[in-house]
Enquirer: 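The structure under discussion is supplied below as structure tokens; questions concerning it will follow.
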Amino acid sequence: MQQLPVILFGLGGVGRALVRQILDNRNFHADQYDLEIRFLALCDSRAALIEPMEGLHDQQIEEALALKTAGQSLAAHELGGSQDDLAAIVDIAGRPGAVVVDCSATDQTLPALLFGLNRGYKVVLANKKPLTVQQEAYDRLTRAGATPGHPRTLSTTRWETTVGAGLPVIATLNRLIASGDEITRMAGTFSGTLGYLMTGLQEGRPFSEVVREAHKLGYTEPDPRDDLGGVDVARKALILARGLGWRLDMADVAVTGLYPEAMAGLSVADFMAALPELDSHFAGLVADAAASGNVLRYAATVENGACQVGPVAVSADSPLGRLSGTDNLIEITSRWYQPNPLVIQGRGAGVDATAAGVLSDVIELAFTR
Ligand SMILES: NC(=O)c1ccc[n+]([C@@H]2O[C@H](COP(=O)([O-])OP(=O)(O)OC[C@H]3O[C@@H](n4cnc5c(N)ncnc54)[C@H](OP(=O)(O)O)[C@@H]3O)[C@@H](O)[C@H]2O)c1
């Protein structure tokens with residue numbers, strides 16, 4: 001049986017769901033792919049379990065999952081050693097054929113990912129941050145089209161879940177590009193939370209009411225400004241634009257958030273209390289859009305060399321306009337997909353769907369040179 005050695009950064013919601021799915025699919029992967037995934041190292045923000053020779057036993061992996069589910073550090077495990085240098089972990093734990101999987105939410109993993117690539121290891125990211133710092137880091141991480149004679153489809157890095165979670169957005173983009181198709185426009189909604197808000201606004205509800213409801217239901221981050229600011233969507237837009245070969249940085253993405261700068265310094269409680277001040281503004285935007293047969297969506301648009309993120313009026317008859325609720329959706333317009341765009345829609349978040357997307361990337365790399 002082929003062994004696939006894996007080093008995992010991050011055992012939060014996505015990382016734990018990934019480990020669980022790998023354990024639960026052991027028989028399936030053995031039967032279907034003659035493949036066994038072995039964990040050489042599991043890392044959280046403070047500690048790591050390392051077993052470079054055999055890989056961790058399933059019992060040890062279950063113990064690690066139990067600790068993390070209980071909110072503890074891997075340092076509490078008997079094998080747990082402190083980790084303050086992920087590249088050193090990759091150095092110690094790695095072996096030929098290894099896949100380094102980043103399910104953390106920090107750009108601090110970048111040096112370790114590049115170290116792994118230099119060693120000839122493969123990389124899978126659910127984490128957007130290393131792909132949205134300097135262009136040079138993106139080029140080195142993905143090698144997507146950056147090296148002559150190294151087509152992007154042969155890249156040994158996968159980052160499918162960074163845009164639209166498990167939805168096949170990056171794979172579709174790369175397939176279109178590989179065929180020589182010319183993508184002229186990408187427009188999409190990549191935040192379930194903001195989709196929920198836009199649906200509420202379209203139903204005629206006040207902005208403050210929908211935000212408070214989403215907050216209460218746990219659909220937003222504890223500080224809703226982390227969603228309303230649009231920065232996470234901007235990272236996804238940048239990854240899409242860079243996927244087209246555009247050379248842009250985060251500063252080049254024009255982001256319009258859903259609250260004014262003056263509300264940035266308020267405490268969460270004061271911000272929530274001040275929300276009704278924004279109601280008439282958003283009611284006006286919705287009414288203006290409706291007057292011309294449009295609806296308001298919080299969209300990322302990549303077109304004509306520009307990358308924009310914010311509330312836009314789209315035709316109520318378009319795929320984006322017909323969308324309601326928390327689904328993600330992307331319209332890709334190209335030479336072969338116009339005037340009707342290629343459309344991908346579905347759940348764009350959630351730890352299980354995301355982990356499944358990461359696992360698909362890992363399995364694909366098992367069979368990629
Ligand atoms: N959740 C989704 O629906 C979704 C969808 C698509 C993509 N993603 C992306 O997937 C990633 C993981 O999401 P999540 O929801 O699982 O996040 P999370 O619950 O916040 O987990 C983050 C994990 O990363 C670990 N970590 C932090 N700094 C680290 C470091 N320097 N080295 C190693 N590990 C470190 C944390 O360690 P501790 O346990 O010690 O804190 C934690 O285990 C994020 O980048 C997110 O944007 C998530």
Side-chain angles (χ1 to χ4, degrees), residues 6-21 39 41-50 64-77 80-90 93 100-113 115-116 123-133 141 158-170 188-196 218-222 226-227 231-236 238-240 326-328 330 346-362:
V6 166
I7 296 170
L8 175 63
F9 304 158
L11 282 162
V14 174
R16 291 200 305 274
L18 172 68
V19 172
R20 170 55 54 211
Q21 289 181 20
F39 286 104
L42 297 175
C43 313
D44 66 16
S45 63
R46 290 175 44 209
L49 306 189
I50 304 179
L65 282 181
L67 280 174
K68 294 309 296 178
T69 305
Q72 295 191 53
S73 164
L74 288 178
H77 192 275
S82 70
Q83 76 85 1
D84 50 16
D85 181 357
L86 285 176
I89 304 280
V90 175
V100 182
V101 180
D102 187 352
C103 289
S104 78
T106 168
D107 60 15
Q108 288 169 18
T109 54
L110 179 59
L113 298 172
F115 179 87
V123 164
V124 173
L125 299 111
N127 179 12
K128 294 174 278 295
K129 290 189 176 160
L131 292 167
T132 52
V133 291
L141 272 180
R158 295 288 182 278
W159 59 101
E160 185 56 74
T161 57
T162 57
V163 181
L167 300 178
V169 173
I170 304 295
T189 54
F190 299 112
S191 161
T193 311
L194 298 178
Y196 182 85
Y219 292 174
T220 68
E221 294 293 326
D226 291 344
D227 297 295
V231 174
D232 190 60
V233 179
R235 285 190 206 285
K236 296 174 187 180
L238 181 61
I239 290 171
L240 286 176
T326 56
D327 269 5
N328 281 196
I330 182 166
R347 173 187 298 203
V351 295
D352 282 316
T354 306
V358 174
L359 181 50
S360 296
D361 278 350
V362 170

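In this text, all values refer to a predicted model and were calculated from it rather than measured experimentally. For ligands, and for the atoms within them, numbers begin at 1 and follow the listed sequence.
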Enquirer: Taking side chain as C-beta onward, heavy atoms only, is Phe39 less than 4.5 Å from Val101?
Expert: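 Phe39 vs Val101: side chains apart.
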Enquirer: Less than 4.5 Å apart, any side-chain heavy atom of Lys129 and any of Leu110?
Expert: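 Lys129 does not reach Leu110 side chain to side chain.
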Enquirer: Identify the heavy atoms of Val169 and Glu160 that sit nearest to each other, and give their distance.
Expert: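 Between these two residues, the closest heavy atoms are N-OE2, 2.8 Å.
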Enquirer: Please list the nearest protein heavy atom to atom 47 (O) of ligand 1 with its residue and the distance rounded to 0.1 Å.
Expert: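 For this ligand atom, the closest protein heavy atom is Lys128 NZ, 3.1 Å.
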Enquirer: Of all residues at least two apart in sequence or in a different chain, which pass the side-chain contact (heavy atoms from CB on, under 4.5 Å) check with Tyr219?
Expert: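 By the side-chain contact (heavy atoms from CB on, under 4.5 Å) rule, Tyr219 matches Tyr196, Ala214, Leu217.
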Enquirer: Can you tell me which portion of Val14 lies within the under-4.0 Å heavy-atom range of ligand 1? Options are side chain, backbone, both, or neither.
Expert: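 Both the backbone and the side chain of Val14 come within reach of ligand 1.
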Enquirer: With the threshold set strictly below 4.0 angstrom, can you tell me whether any protein non-hydrogen atom sits that near atom 20 (O) of ligand 1?
Expert: no
Enquirer: Taking non-hydrogen atoms only, is Lys129 closer than 4.0 angstrom to ligand 1 via side chain, backbone, both or neither?
Expert: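 Near ligand 1, Lys129 shows nothing, with every heavy atom at 4.0 Å or more.
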Enquirer: Do Asp232 and Lys128 sit within salt-bridge range, that is, some charged N less than 4.0 Å from a carboxylate O?
Expert: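 Salt bridge present between Asp232 and Lys128.
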Enquirer: Under 4.0 angstrom from atom 32 (N) of ligand 1, is there any protein heavy atom?
Expert: yes
Enquirer: Looking only at protein heavy atoms, which one is nearest to atom 3 (O) of ligand 1, and what is the separation?
Expert: Gly350 N, 2.8 Å
Enquirer: Quick one: does Cys103 get within less than 4.0 Å of ligand 1, heavy atoms only?
Expert: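 Yes; Cys103 lies near enough to ligand 1 that a heavy-atom distance drops under 4.0 Å.
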Enquirer: So, Asp361 side chain and Leu125 main chain: donor-acceptor pair closer than 3.5 Å or not?
Expert: no
Enquirer: Which atoms of ligand 1 sit under 4.0 Å from any heavy atom of Gln108?
Expert: 31 (N)
Enquirer: Taking 4.0 Å as the limit for heavy-atom contacts, which would you say applies to Leu86 with ligand 1: side chain only, backbone only, both, or neither?
Expert: side chain
Enquirer: Quick check: does Gly12 get an N/O under 3.5 Å from an N/O on ligand 1?
Expert: yes
Enquirer: How close do Gly192 and Asn328 get, counting heavy atoms only, and between which atoms?
Expert: N-ND2, 3.8 Å
Enquirer: For atom 37 (O) of ligand 1, find the nearest protein heavy atom and state the residue, atom name and distance (0.1 Å precision).
Expert: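 Protein heavy atom at minimum distance: Ser45 N, 3.2 Å.
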Enquirer: Give me the residue, atom name and distance of the protein heavy atom closest to atom 8 (N) of ligand 1.
Expert: Ala126 O, 3.9 Å
Enquirer: Got Asp102 and Val123 here, is their nearest side-chain heavy-atom distance under 4.5 Å?
Expert: no
Enquirer: Yes or no: does Arg16 have any heavy atom under 4.0 Å from an atom of ligand 1?
Expert: no
Enquirer: Would you say Thr109 contacts ligand 1, with heavy atoms under 4.0 Å as the rule?
Expert: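 Thr109 does not count as a contact of ligand 1 under the 4.0 Å cut-off.
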Enquirer: Kindly indicate whether the side chain of Leu141, heavy atoms from C-beta on, has any atom under 4.5 Å from the side chain of Trp159.
Expert: no
